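Here it is, the structure in full.
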Amino acid sequence: MSVHLHWFLPTGGDGRTLVDRHAYTDGGIKRDRITPVSGVRAPDVEYLAQIAKAAEQLGFEAVLTPTGTWCEDAWLTTTALTQVTDRLKFLVAFRPGVISPVLAAQMAATYQRLSRGRLLLNVVTGGDSTEQKRFGDHLDHDRRYARTDEFLQVVRGVWSGKPFDFHGEHYQVEGGLTALPPDPLPQIFFGGSSAAAGPVAARNVDVYLTWGEPPEQVRQKIEWIRGLAEEEGREVRFGIRLHTISRDSSKEAWATADRLLGDLDPDTVAAAQQALGRSESVGQQRMLALHGGSRDKLEIAPNLWAGVGLVRGGAGTALVGSHAEVADRIEEYHALGIEHFVLSGYPHLEEAYWFGEGVRPELAARGLLAGIPSPSAGVPAANGRPASAPGGAPLLIAGGR
């Protein structure tokens with residue numbers, strides 16, 4: 001089992017600080033309790049293209065693109081970025097409660113053809129009622145997961161290429177059809193720590209994602225999902241979502257973590273913790289429990305730092321250390337059964353290089369990485385570009401706009 005490395009596209013903005021680009025009070029509308037952020041990089045297509053190209057060059061397999069009020073739309077943004085990359089895949093996050101499953105299946109099929117098979121799907125059920133209601137979704141936590149279960153059944157059903165009927169509590173479909181199913185079928189990534197989430201993963205998904213908890217907690221999650229999947233007669237692979245701060249020495253890495261922590265004033269942390277504490281997400285509550293809102297003892301396991309979670313929702317931990325130490329921790333998680341590592345760092349462009357040029361060679365030397373073929377390997381060139389389109393047509397790439 002090789003390690004699959006993925007990076008992150010900050011479609012809500014980027015910068016050299018952990019201070020979020022958005023306020024936490026009242027859902028981020030007034031933005032009156034957050035420290036002004038300097039040095040923010042807008043998520044325009046030119047900057048995101050820099051990150052995507054760097055990720056591809058550095059050997060990352062895919063990039064995760066988030067979903068939510070404060071992000072650019074993941075489908076549209078990544079479709080644009082397929083035109084300036086050759087091999088890189090896009091792990092597109094979306095919420096099943098705000099889109100028809102048949103339409104989502106059709107969109108995925110179209111995306112696969114336009115990108116020549118570079119789509120992965122990250123299904124985000126949603127753990128914040130305020131956010132869900134903003135999109136017109138008024139179901140409670142457990143019913144959202146029940147709807148996700150039906151959603152994924154419909155998506156896989158209509159990908160069969162034959163008319164598909166479905167009669168559930170949330171969806172009624174008659175003759176649902178994707179006339180040209182995606183080829184290959186996109187892998188489906190999904191996360192959720194609640195009792196309602198586990199069976200959904202076991203029945204429907206390819207890769208179960210957990211946020212970066214200490215290894216023992218991750219081991220318990222893997223055993224939980226693996227057992228549920230076995231009851232369904234299925235196998236599920238596993239991934240983890242982490243930030244990274246990797247440097248030539250451990251001292252340099254921890255100095256960077258200390259600088260990021262130093263940017264956070266008490267009011268900013270308090271506002272973030274207050275808002276995050278209202279989340280219905282069990283995974284979010286598990287993240288908060290790792291540090292309890294305190295700056296003390298943020299190294300919750302060797303090289304695992306919970307400082308990010310003081311102000312950031314979702315993934316709240318980072319691997320911090322020398323390149324070899326970060327590789328050690330990845331190898332430790334891999335030994336538990338983690339195959340996919342979805343990583344990020346602040347800022348995302350620079351940290352991609354720190355990890356790609358520092359940690360990736362360490363992992364390769366340990367035999368944990370599969371080789372990534374060149375996009376032009378074995379394909380005759382056409383007009384100086386790889387002829388990777390069907391029929392040998394040249395791949396057209398936007399000219400640096």
Side-chain angles (χ1 to χ4, degrees), residues 4-22 37 39-95 107-108 111-112 114-124 186-191 207 209 211-212 239-246 308 312-316 318 340-356 360 372 397-398 400-401:
H4 297 265
L5 297 175
H6 312 291
W7 198 243
F8 185 84
L9 281 175
T11 58
D14 200 9
R16 296 179 177 275
T17 175
L18 293 180
V19 179
D20 203 336
R21 264 50 67 181
H22 321 295
V37 181
V40 171
R41 302 174 189 176
D44 55 47
V45 71
E46 288 82 8
Y47 180 62
L48 295 176
Q50 287 186 59
I51 297 174
K53 290 178 180 179
E56 182 170 76
Q57 177 183 343
L58 292 164
F60 290 98
E61 182 176 332
V63 285
L64 170 63
T65 309
T67 185
T69 300
W70 311 115
C71 307
E72 297 290 1
D73 178 76
W75 293 95
L76 296 174
T77 302
T78 57
T79 300
L81 295 176
T82 64
Q83 301 305 296
V84 296
T85 52
D86 297 323
R87 172 192 54 78
L88 189 68
K89 296 178 182 178
F90 294 91
L91 180 50
V92 174
F94 70 100
R95 299 176 189 246
M107 291 167 63
Y111 196 116
Q112 282 295 62
L114 293 178
S115 69
R116 300 178 181 91
R118 292 194 279 152
L119 175 66
L120 306 170
L121 295 175
N122 182 32
V123 177
V124 180
Q187 292 185 75
I188 296 175
F189 289 63
F190 167 93
V207 179
L209 276 177
W211 287 328
I240 194 167
R241 176 77 180 91
L242 287 157
H243 306 279
T244 68
I245 304 174
S246 171
V308 180
R312 187 194 192 279
H340 293 266
F341 291 79
V342 184
L343 308 170
S344 56
Y346 297 91
H348 290 76
L349 182 60
E350 288 91 325
E351 289 297 334
Y353 278 98
W354 276 113
F355 185 93
R360 194 176 187 284
I372 299 178
I397 303 177
R401 290 195 293 263

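Here the structure is a predicted model, which is why all the values come from computation and not from measurement.
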remark   = On a heavy-atom basis, the closest approach of Thr67 and Ala93 is CB-O, 3.5 Å
ask   = With side chains defined as the heavy atoms from C-beta onward, is the minimum distance between Val342 and Trp211 less than 4.5 Å?
value =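 Heavy-atom side-chain distance check fails, nothing below 4.5 Å.
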request  = Taking all heavy atoms of Gly12 and all of Pro43, pick out the closest pair and write down the distance.
outcome  =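 In this case the closest contact between Gly12 and Pro43 is C-CG, 4.1 Å.
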message = Measuring only between side-chain heavy atoms, which start at C-beta, is Thr17 closer than 4.5 Å to Tyr346?
response =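 Of all side-chain heavy-atom pairs linking Tyr346 with Thr17, none is under 4.5 Å.
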query = Out of curiosity, Ser115 OG to Asp86 CG, how far, rounded to the nearest 0.5 Å?
reply = 12.0 Å
query = Would a 4.5 Å heavy-atom cut-off, applied to side chains only, mark Leu121 and Phe94 as touching?
reply =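 Yes, close enough: below the 4.5 Å cut-off.
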ask   = Do you see a donor-acceptor pair shorter than 3.5 Å between the side chains of Tyr111 and Thr78?
value =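 Yes, because at least one side-chain N or O of Tyr111 sits under 3.5 Å from a partner of the opposite role on Thr78.
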message = When you measure from the side chain of Thr82 to the backbone of Thr79, do you find a donor-acceptor pair of N or O atoms at a distance under 3.5 Å?
response = yes
key: Donor + acceptor pair across side chains of Glu61, His4 (<3.5 Å)   = yes
request  = Provide the closest heavy-atom pair for Arg41 versus Pro347 in the form atom of the first, atom of the second, distance.
outcome  =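 Distance-wise, the nearest heavy atoms are NH1-CB, 3.5 Å.
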inquiry  = Are the side chains of Leu9 and Leu64 in contact, using a 4.5 Å heavy-atom criterion?
reply    = no
query = Considering all heavy atoms of both residues, which atom of Gly239 and which atom of Val207 are nearest to each other, and what is their separation?
reply = N-CG1, 3.8 Å
key: Nearest atoms (heavy-atom pairs only) where Asp73 meets Trp75   = OD2-N, 3.2 Å
message = I'd like to check Glu350 versus Arg16 (side-chain heavy atoms, cut-off strictly below 4.5 Å). Are they in contact?
response = yes
message = For a 4.5 angstrom cut-off between non-hydrogen side-chain atoms, does Leu119 reach Val92?
response =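 Result yes, sub-4.5 Å side-chain heavy-atom pair found.
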Cationic tip of Arg241 above Phe8 ring, under 6.0 Å, 45° of axis = yes
note = side chain to side chain donor-acceptor pair (under 3.5 Å) test vs Thr85 passes for just one of Gln57, Lys53, Arg118, Glu56, namely Arg118
inquiry  = Looking only at side-chain N and O atoms, does Tyr47 offer a donor or acceptor that is under 3.5 Å from a partner on Asp14?
reply    =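 Yes, Tyr47 and Asp14 have a side-chain donor paired with an acceptor closer than 3.5 Å.
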request  = Please tell me if the side chains of Leu81 and Leu88 come closer than 4.5 Å, counting only heavy atoms from C-beta onward.
outcome  = no
query = For Phe189, which of Val123, Leu91, Val124 qualifies under side-chain contact (heavy atoms from CB on, under 4.5 Å)?
reply = Leu91
ask   = Are His243 and Arg312 close enough that some pair of their side-chain heavy atoms sits under 4.5 Å apart?
value = yes
request  = Please report the closest heavy-atom contact between Val84 and Ala49, naming both atoms and the distance.
outcome  = CG2-CB, 4.0 Å
